[in-house]
2 protein chains.
Amino acid sequence: MNRTASIKDVANHASVAVGTVSNVLNYPDRVSQRTKDRVLKAIDELGFVRNDAARQLRAGHSRTIGLIVLDVGNPFFTSVVRAAEDAAALHGSAVLLGDSGHDAGREANYIDLFQEQRVQGLLISPVGDVTERLDLLRERGVPTVLVDRLADEAKFSSVAVDDDAGGYLAARHLLDTGRRRLAFVGGPTSIRQVADRLQGAQRAVKEEADATLEVLESEGQTVLAGRSVGNMLVERGRENLPDGIFCANDLLALGVMQSLTMTHTYRIPDDVALIGYDDIDFAVSAVVPLSSIRQPTEALGRTAIELLAEEVESQNPTHRAVVFTPELVVRQSTGTSSAG
Amino acid sequence: MNRTASIKDVANHASVAVGTVSNVLNYPDRVSQRTKDRVLKAIDELGFVRNDAARQLRAGHSRTIGLIVLDVGNPFFTSVVRAAEDAAALHGSAVLLGDSGHDAGREANYIDLFQEQRVQGLLISPVGDVTERLDLLRERGVPTVLVDRLADEAKFSSVAVDDDAGGYLAARHLLDTGRRRLAFVGGPTSIRQVADRLQGAQRAVKEEADATLEVLESEGQTVLAGRSVGNMLVERGRENLPDGIFCANDLLALGVMQSLTMTHTYRIPDDVALIGYDDIDFAVSAVVPLSSIRQPTEALGRTAIELLAEEVESQNPTHRAVVFTPELVVRQSTGTSSAG
DNA sequence: TCGTACCAATGAAACGATTCAAACTTTGGC
DNA sequence: GCCAAAGTTTGAATCGTTTCATTGGTACGA
């Protein structure tokens with residue numbers, strides 16, 4: 001077999017017109033059972049596969065949606081992607097995935113590629129400030145939904161998670177379990193997520209007259225950064241130790257946990273309660289299973305697709321910004337002091 | 001602006017023929033500087049973006065390569081993807097990424113989608129046994145390279161990593177640092193990777209007359225599975241403890257490490273050396289930085305693209321199977337007994 | 001028997017690029 | 001000033017679908 005079969009080959013083989021073959025594929029109800037059978041048989045025998053380029057060219061629109069994330073390795077995005085794919089499948093669309101890796105150049109490449117492919121629309125978790133590029137997309141009429149980033153509602157729809165609420169949730173949980181001398185670990189605070197989570201925590205702490213919140217700025221958001229903050233706490237000694245620690249993400253929390261438990265100086269949660277953020281897979285299998293704040297990633301992905309579908313279907317551009325509230329996951333690291 | 005500009009609009013706007021616009025885009029050398037400038041200006045003013053569907057339809061082939069992996073969340077695949085994207089970019093192609101999530105249905109959907117898109121070729125890390133489906137692809141003339149899976153060289157090219165060599169490397173390292181009573185942790189051994197790594201380890205142990213290798217089968221490849229094996233070891237007591245442990249992956253090793261160090265009964269590497277496999281990000285930030293076997297994921301991704309390019313360019317199907325040897329990464333967990 | 005619906009099937013036109021033979025223009029040698 | 005060669009530009013044909021006005025056939029009621 002030399003060339004892949006075309007719809008014309010199928011038509012000849014089944015002794016029908018090309019339009020009929022097309023109808024079998026797109027509007028089966030318009031075709032009688034008898035000819036439908038013949039055509040399907042011919043398709044099977046010739047191994048015909050629809051040429052999407054031709055279909056798209058004629059139909060004027062594709063069946064694909066572009067999705068550009070900052071890092072496919074990040075479980076947060078992995079989960080969003082999975083949900084988006086499933087939701088898109090329900091709409092009969094497929095997702096083309098691009099990984100910008102926080103690199104503006106790669107992101108630009110993907111935007112160009114997806115434009116050339118004439119995707120139905122674009123879901124993007126943008127690198128830094130790309131207002132100009134996104135404005136261009138808007139002018140070109142490519143419906144776009146921002147993921148994990150709030151947008152000017154006059155211009156774009158967006159889905160995001162309320163980090164302030166997440167911070168509040170974490171701190172409130174520590175307070176509810178009787179902790180009063182809290183510490184926040186995270187940094188740099190120039191990162192919006194970190195700042196918002198801190199702000200939420202502060203809001204919760206203000207509700208309790210006798211509660212305090214100390215901010216321990218970390219150098220980055222890694223296990224090692226967490227461990228060095230933890231080591232510092234160990235050195236400060238027992239009387240200066242907070243009784244509840246909220247870390248801006250789980251990696252930091254795992255690092256802090258390593259420092260505090262490695263030396264066997266302190267016990268979690270008896271001496272100090274610990275809560276992280278993101279609920280990564282490792283949280284549950286830490287030495288002391290880690291309480292955390294879980295982001296509704298499936299809902300994010302699903303809703304992003306739905307917002308995009310809205311934009312695609314309706315002509316007049318009414319944008320919506322959907323904000324989700326994260327969820328508290330309680331594990332042993334913030335259990336009520338069990339040692340008694 | 002209603003409709004996106006076509007090449008014809010550009011031609012009108014610049015007062016040239018459509019063929020000239022096409023030449024500007026594809027063969028700039030054939031066009032004089034003067035008209036090139038005029039055309040580029042028109043392209044800019046109209047915001048023209050090439051319609052890839054039309055180009056592909058006429059040109060007969062696309063500029064995209066399909067890549068289907070088992071799990072984008074797995075750092076192994078993330079790294080392969082990244083390398084493949086970069087290598088493809090050098091060839092002027094873009095990678096469309098599909099995540100089968102170990103699900104044959106999703107995999108089939110992506111294969112269909114990519115066929116309809118008429119990708120240049122397919123890189124796939126297949127779910128289970130898909131010989132039939134892949135044979136179909138071969139008949140249809142879609143060049144295919146298997147990733148992380150050896151293939152019948154008469155049919156497909158493939159890239160893979162030599163797990164036997166990796167197992168040998170790990171065990172040999174333990175032996176070289178003076179350990180003699182080794183243990184292998186992993187399971188189920190029905191997984192090819194696990195079996196091969198074990199086999200390699202056994203080969204190394206046979207080289208030393210006084211060395212032994214005990215197999216501790218785990219239930220899965222998770223931190224928790226590792227921890228339960230570790231707890232079992234702790235209970236066995238010091239005299240029955242191996243002095244070197246090789247885990248089939250890093251998660252298991254981290255679990256074993258938790259058990260052994262949590263109780264402060266044993267010290268790593270003084271009482272027992274520990275080495276994992278995969279060199280995940282967490283390995284370096286474990287309580288005791290974990291030695292591991294690193295797979296050459298970048299080389300895998302790059303080579304897969306190159307093999308595919310070979311198949312696309314040459315007509316006669318000569319397939320190659322490229323096998324890479326993994327690399328030993330020494331960290332503290334197998335350091336020579338420093339406590340002395 | 002005729003007229004009217006209705007249902008199926010037809011096939012030419014269109015989508016927007018690339019390709020390529022042909023037409024046109026410029027250059028340089030004599 | 002003429003001619004050939006080299007360099008540019010042209011525009012019709014083509015890729016494989018979808019779309020849709022039109023045709024052919026059948027059934028039913030008058």
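Bear in mind the structure is a predicted one, so any value in this text is a computation, not a measurement. All chains are named by letter (A, B, ...) in the order of the sequence lines, taking the proteins before the strands, and each is independently numbered beginning at 1.
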key: With B:Ser158, the side chain to side chain contact (heavy atoms under 4.5 Å, CB included) member among B:Leu146, B:Asp148, B:Thr303, B:Val322   = B:Leu146

message = Within the 4.5 Å heavy-atom criterion, are B:Ile124 and B:Glu107 side-chain neighbours or not?
response = yes

inquiry  = Taking A:Leu70's backbone N and O only, do any of them form a donor-acceptor pair with A:Ser125's side chain (distance below 3.5 Å, no angle check)?
reply    = no

inquiry  = Can you identify which nucleotide, out of C:dG11, D:dT17, D:dC15, has its nearest atom closest to the B:Leu57 side chain?
reply    = D:dC15

message = Treating primed atoms plus P, OP1 and OP2 as sugar-phosphate and everything else as base, which nucleotides of nucleotides 18-28 of chain D get B, S or - for protein heavy atoms under 4.0 Å?
response = BB---------

key: A:Arg118 side chain to B:Arg50 backbone, donor-acceptor under 3.5 Å   = yes

query = Stepwise, does the side-chain contact (heavy atoms from CB on, under 4.5 Å) test hold for B:Ser100 with B:Tyr110?
reply = CA-CA 8 Å; B:Ser100 70; B:Tyr110 273 115; 5.6 Å; no

ask   = Are B:Arg302 and B:Asp86 within salt-bridge range, i.e. N to O under 4.0 Å?
value = no

ask   = Rounded to whole angstrom units, what separation is found between the NZ atom of B:Lys8 and the C1' atom of C:dT18?
value = 14 Å

message = Could you tell me how far apart B:Arg118 (CZ) and D:dT17 (C1') are, to the nearest whole angstrom?
response = 11 Å

message = Counting the atoms with a prime plus P, OP1 and OP2 as sugar-phosphate, which does A:Thr20 contact under 4.0 Å by heavy atoms, base, sugar-phosphate, or nothing?
response = base

request  = On DNA chain D, check which nucleotide each of B:Ala17 and A:Asn51 is closest to and give me the residue with the more 5' one.
outcome  = B:Ala17

ask   = For DNA chain C, whose closest nucleotide is more 5', that of B:Val49 or that of A:Asp29?
value = A:Asp29

ask   = Are more than 12 heavy atoms from other residues, nucleotides or ligands located less than 6.0 Å from atom CG of B:Asp281?
value = no

query = So, A:Asp52 and A:Arg55, do they make that salt bridge, N to O below 4.0 Å?
reply = yes

inquiry  = Using a strict heavy-atom distance below 4.0 Å, which residues from residues 33-41 of chain B are in contact with DNA chain D?
reply    = B:Thr35

